[in-house]
Amino acid sequence: MPSDASSQKTVWRDRLRALRRDRLRALRNVPPVLRLVWDAAPAVVACGLVLRVISALIPIAALAVSKWIIDLVVAAVKHPGPLPSEIWILLIAEFLLAALGNILGRAIDYTDARLADEFTLEVSMRVMGHAALMDLACFEDPAFYDKLERARVQATDRIGMLTAMGPAAAANHHTHLAVDRR
């Protein structure tokens, strides 16, 4: 029995090492994918990143405004009297921050859709450019044509995953454009 348990531990340890090694190996694909996404639409990527940073700061600003509102209410309870007029300004600021967050969310969705379109176009153009350099005899080979067709389909299918995961997570997803002639 003890040898069975130790062999199981060894098997699991080897599996975990292999998994870790595969994940680290997959990280090598991140820079080329980031370059491909950046080359597809640098302005859209930059705009999306800026919008995401601004959107990430909104909850912090809303928290600060909420704290000021609570401080005014607590002060009003401790010292009875009319509420300070600043509370209305802070309530309007809170509403505007919520609206701005909503607008930024829509703008981020728009940049993601634009990036998806631009990325699909870029990858399709690369696949077509690679195919244009091939000999006509390559296209007569069914195995090669299947690989070329898979590359074309994957170029357009994977963009849905990139959009769903978001550009930051898209760096973890690697797209291969390897069309080789055997």
Side-chain angles (χ1 to χ4, degrees), residues 7-61 98-182:
S7 67
Q8 280 184 332
K9 284 183 182 179
T10 305
V11 168
W12 280 106
R13 188 177 306 125
D14 291 343
R15 285 183 184 176
L16 288 174
R17 284 183 183 152
L19 181 64
R20 187 179 313 128
R21 191 173 36 252
D22 289 345
R23 288 182 182 227
L24 288 175
R25 200 175 303 132
L27 287 176
R28 283 189 241 153
N29 295 318
V30 172
V33 171
L34 289 176
R35 171 54 65 190
L36 188 61
V37 170
W38 181 262
D39 288 345
V44 175
V45 171
C47 184
L49 289 174
V50 168
L51 290 172
R52 278 181 166 75
V53 167
I54 294 170
S55 179
L57 295 175
I58 287 189
I60 297 169
L100 181 62
N102 232 352
I103 292 168
L104 285 174
R106 301 278 177 142
I108 289 169
D109 290 344
Y110 174 74
T111 59
D112 288 349
R114 281 285 315 274
L115 182 60
D117 292 342
E118 297 290 334
F119 183 78
T120 300
L121 179 64
E122 175 76 16
V123 171
S124 294
M125 294 300 291
R126 285 181 183 224
V127 169
M128 286 190 289
H130 187 76
L133 299 175
M134 296 289 157
D135 294 332
L136 190 56
C138 293
F139 294 101
E140 293 173 0
D141 179 19
F144 173 78
Y145 190 77
D146 287 344
K147 285 182 183 180
L148 183 64
E149 184 63 18
R150 274 197 310 272
R152 186 192 65 76
V153 168
Q154 285 180 359
T156 56
D157 286 350
R158 301 235 175 149
I159 200 59
M161 286 188 280
L162 289 172
T163 303
M165 294 184 328
N172 293 326
H173 181 74
H174 59 281
T175 302
H176 296 285
L177 295 177
V179 179
D180 60 329
R181 182 176 177 222
R182 293 186 183 205

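Fair warning: this is a prediction, and the values are worked out from it, not measured in the lab.
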Rounded distance [0.5 Å steps], [atom1] in [X] versus [atom2] in [Y]:
{"X": "Leu36", "Y": "Asn29", "atom1": "CG", "atom2": "CG", "answer": "11.5 Å"}
{"X": "Asp146", "Y": "Arg150", "atom1": "CG", "atom2": "CZ", "answer": "6.0 Å"}
{"X": "Thr120", "Y": "Met125", "atom1": "OG1", "atom2": "CE", "answer": "13.0 Å"}
{"X": "Tyr110", "Y": "Leu115", "atom1": "OH", "atom2": "CG", "answer": "12.0 Å"}
{"X": "Leu100", "Y": "Ile58", "atom1": "CG", "atom2": "CD1", "answer": "3.5 Å"}
{"X": "Lys147", "Y": "Asp141", "atom1": "NZ", "atom2": "CG", "answer": "8.5 Å"}

| task | Heavy atoms only: give me the nearest Leu27-Pro31 pair and the separation to one decimal. | result | O-CD, 3.6 Å
| Nearest non-hydrogen partners of Ala40 and Phe119, listed with the distance | CB-CA, 3.8 Å
| query | Backbone N or O of Ile108 within a donor-acceptor pair of the Thr111 side chain at under 3.5 Å? | reply | yes
| task | Give a yes or no answer on whether the side chain of Ser55 reaches the backbone of Leu51 with a donor-acceptor pair at less than 3.5 Å. | result | no
| field | Non-hydrogen side-chain atoms of Ile60 and Leu57 separated by less than 4.5 Å | value | yes
Regarding [X] and [Y], does a basic nitrogen lie under 4.0 Å from an acidic carboxylate oxygen?
{"X": "Arg126", "Y": "Asp39", "value": "yes"}
{"X": "Asp22", "Y": "Arg25", "value": "yes"}
{"X": "Arg52", "Y": "Asp112", "value": "yes"}

| task | Determine, step by step, whether Leu49 and Val53 satisfy the side chain to side chain contact (heavy atoms under 4.5 Å, CB included) criterion, reporting the C-alpha distance in whole Å, the side-chain angles of both residues, the deciding distance to 0.1 Å, and the verdict. | result | CA-CA 6 Å; Leu49 289 174; Val53 167; 5.6 Å; no
